[in-house]
Amino acid sequence: MRIGYPCINRSIGCRSDQKFRLSSYTEERFVTTVAGNLSCLRRILLWNTGEHILFFRISSDIIPFASHPVCSFSWQEQFSDELHLIGDYIAESDIRISMHPDQFIILNSPDDRIVSRSIAELAYHAELLDLLGLDSSAKIQLHVGGLYGNPTESISRFIRVYTRLDPAISRRLVIENDEQRFNAVDCLKIHDETGIPVLFDVFHHACKNNGEDINAMLYGINKTWRRCDGTPMVDYSSQHPAKRRGGHAEHIDISDFRKFLEISQPHDMDIMLEIKDKETSALAAISLARGDSRFG
DNA sequence: AATGGTCAAGTCAGC
DNA sequence: GCTGACTTGACCATT
């Protein structure tokens with residue numbers, strides 16, 4: 001079991017998700033930004049390993065506009081050495097990596113232009129992970145997409161598009177239950193037809209379910225991850241006390257997390273904490289998980 | 001330095 | 001019909 005947080009570290013004073021407006025795009029701005037993002041990513045990973053945080057989600061903004069037509073610069077070549085260095089560090093430290101493309105990335109849209117833009121963005125994500133030299137346990141997590149007034153047809157469209165993807169993309173793709181459209185059972189049905197692993201979002205499941213027991217769910221979920229997919233990944237968050245249902249908490253609810261660790265026995269998993277205060281909650285979660293036999 | 005409008009991209013709930 | 005939420009406020013022109 002690893003525990004991690006997404007994209008941003010609030011304590012070390014650099015950001016690996018710096019971006020800028022499309023209207024201010026210049027090659028110089030692009031190169032400066034990417035160089036800064038990569039160097040910060042390296043600092044974050046170094047800091048993380050020092051704190052035994054071995055799971056990290058790399059921001060989609062690490063290479064801004066990578067899949068946009070405006071970007072013709074070969075960042076792959078320019079930053080090849082730096083990418084290798086980071087990738088080697090990830091491998092030797094046994095860090096788990098995930099990515100989570102933006103909400104605009106939708107494979108089941110009825111609009112072909114949206115689908116092809118989405119595939120281009122996924123290709124960028126896969127290429128980045130390839131350039132880091134990571135194996136297929138480095139995952140790109142995606143929601144199934146929109147309902148468009150016909151869930152069944154929308155699921156079929158996802159399956160059709162998924163099965164035609166370049167294996168460079170599909171071998172890294174996993175689907176995550178969301179809190180209002182496609183729940184974990186929907187995702188499992190899609191797995192049955194495609195073999196795609198299902199990333200279980202504990203919080204989304206709490207928001208949208210049909211009364212399934214979480215532990216029983218995890219048996220089904222974890223079977224969707226093959227050996228080459230690595231340890232199953234799980235997203236965990238707590239409800240923000242004031243915000244609407246589904247709003248992510250500022251800090252981890254540690255007694256709720258303790259409960260999750262208990263009821264999820266004996267399933268091994270890498271847990272991504274989608275909580276606003278990032279590494280602070282990760283540290284709290286890790287100190288709790290030290291008593292858990294699954295936490296190495 | 002502070003402010004406020006705006007940001008590549010989509011969907012949908014809630015008002 | 002518009003706004004906010006999503007994983008996340010930050011960029012940037014203007015004062």
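The analysis underlying the following values was restricted to heavy atoms, covering all of them including side chains, and did not include hydrogens, waters or symmetry mates. By convention in this document, chain letters (A, B, ...) are assigned in the order of the sequence lines, proteins followed by strands, and residues within each chain are numbered from 1.
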Starting from the C-alpha separation in whole Å, work towards a yes-or-no answer on side chain to side chain donor-acceptor pair (under 3.5 Å) for A:Tyr162 and A:Asn108.
CA-CA 9 Å; A:Tyr162 174 78; A:Asn108 78 343; over 6 Å; no
With a cut-off of less than 4.0 Å, is there a side-chain N or O of A:Arg15 near OP1 or OP2 of C:dA10?
yes
Under 4.0 Å between a side-chain N or O of A:Arg21 and OP1 or OP2 of B:dG5?
no
As a quick check of understanding, evaluate side chain to side chain donor-acceptor pair (under 3.5 Å) for A:Asp235 and A:Gln141, giving each step before the final call.
CA-CA 10 Å; A:Asp235 279 356; A:Gln141 65 187 88; 2.9 Å; yes
Please work out if A:Asp102 contacts a base, only the sugar-phosphate, or nothing of the nucleic acid, heavy-atom cut-off 4.0 Å.
base
Tell me, with the steps shown, if A:Thr280 and A:His251 meet side chain to side chain donor-acceptor pair (under 3.5 Å).
CA-CA 8 Å; A:Thr280 308; A:His251 185 70; 6.0 Å; no
Taking only side-chain N and O atoms of A:Arg29, does any of them lie within less than 4.0 angstrom of OP1 or OP2 on C:dC11?
no
If you look at every strand shown and take non-hydrogen atoms under 4.0 Å, does A:Pro101 touch a base, only sugar-phosphate, or nothing?
base
Near-ring test A:His143/A:Phe182, centroid separation under 6.0 angstrom
no
Just to confirm, is there a sub-4.0 Å distance from OP1 or OP2 of C:dT7 to any side-chain nitrogen or oxygen of A:His204?
yes
Below 4.0 angstrom, N of the basic side chain to O of the carboxylate: do A:Arg258 and A:Asp292 qualify?
no
Between B:dA8 and C:dA13, how many Å separate the two P atoms, rounded to a whole number?
12 Å
Starting the side chain at C-beta, find the nucleotide from C:dC12, B:dT11, C:dT8 nearest to A:Arg181.
B:dT11
Could you tell me the Watson-Crick or G-U partner of B:dA9, where both distances fall under 3.5 Å? Say none if there is no partner.
none
Under 4.0 Å: is that the gap between some side-chain N or O of A:Gln180 and OP1 or OP2 of C:dA5?
no
Does A:Glu274 reach a base, just sugar-phosphate, or nothing at all? Heavy atoms under 4.0 Å.
sugar-phosphate
Using whole Å, what does the distance between atom P of nucleotide B:dA8 and atom CD1 of A:Ile63 come to?
18 Å
Starting at atom CD of A:Gln103, determine the distance to atom C1' of B:dA13, rounded to an integer number of angstrom.
15 Å
Which base, if any, makes a Watson-Crick or G-U wobble pair with B:dG14, both distances under 3.5 Å?
C:dC2
Compare the ring of A:Phe104 with the six-membered ring in the base of B:dG10 and state whether they stack (centres under 5.5 Å, planes under 30°).
no
Who pairs with C:dT7 - Watson-Crick or G-U, where each distance is under 3.5 Å
none
Separation of C:dT8 C1' from A:Ile58 CD1 (nearest whole Å)
17 Å
Between B:dC7 and C:dG4, how far apart are the two C1' atoms, rounded to whole Å?
15 Å
Say you pick atom P in B:dT6 and the same atom in C:dT8; how far apart are they, in whole Å?
25 Å
If the P atom of C:dG9 is compared with that of B:dG10, how far apart are they to the nearest Å?
23 Å
Considering only side-chain heavy atoms of A:Arg57, which listed nucleotide, B:dA9, B:dC12, C:dT7, is closest?
C:dT7
Do the side chain of A:Ser93 and the main chain of A:Ile95 share a donor and acceptor less than 3.5 angstrom apart?
no
What contact category does A:Tyr148 fall into here, base, sugar-phosphate, or nothing, at under 4.0 angstrom with non-hydrogen atoms?
sugar-phosphate
OP1 or OP2 of B:dG10 sitting under 4.0 Å from any side-chain N/O of A:Arg113?
no
Could you measure between the two C1' atoms, the one in B:dT3 and the one in C:dC6, and give it in whole Å?
27 Å
Would you mind classifying the nucleic acid contact of A:Ser109 as base, sugar-phosphate or nothing, using non-hydrogen atoms under 4.0 angstrom?
sugar-phosphate
Inter-nucleotide C1' distance (C:dA5, B:dA9), Å rounded
16 Å
Side-chain contact check for A:Ile114: nearest option of B:dG10, C:dT7, B:dA9 is B:dG10
Would you say A:Lys19 places a side-chain N or O within less than 4.0 Å of OP1 or OP2 belonging to C:dA10?
no
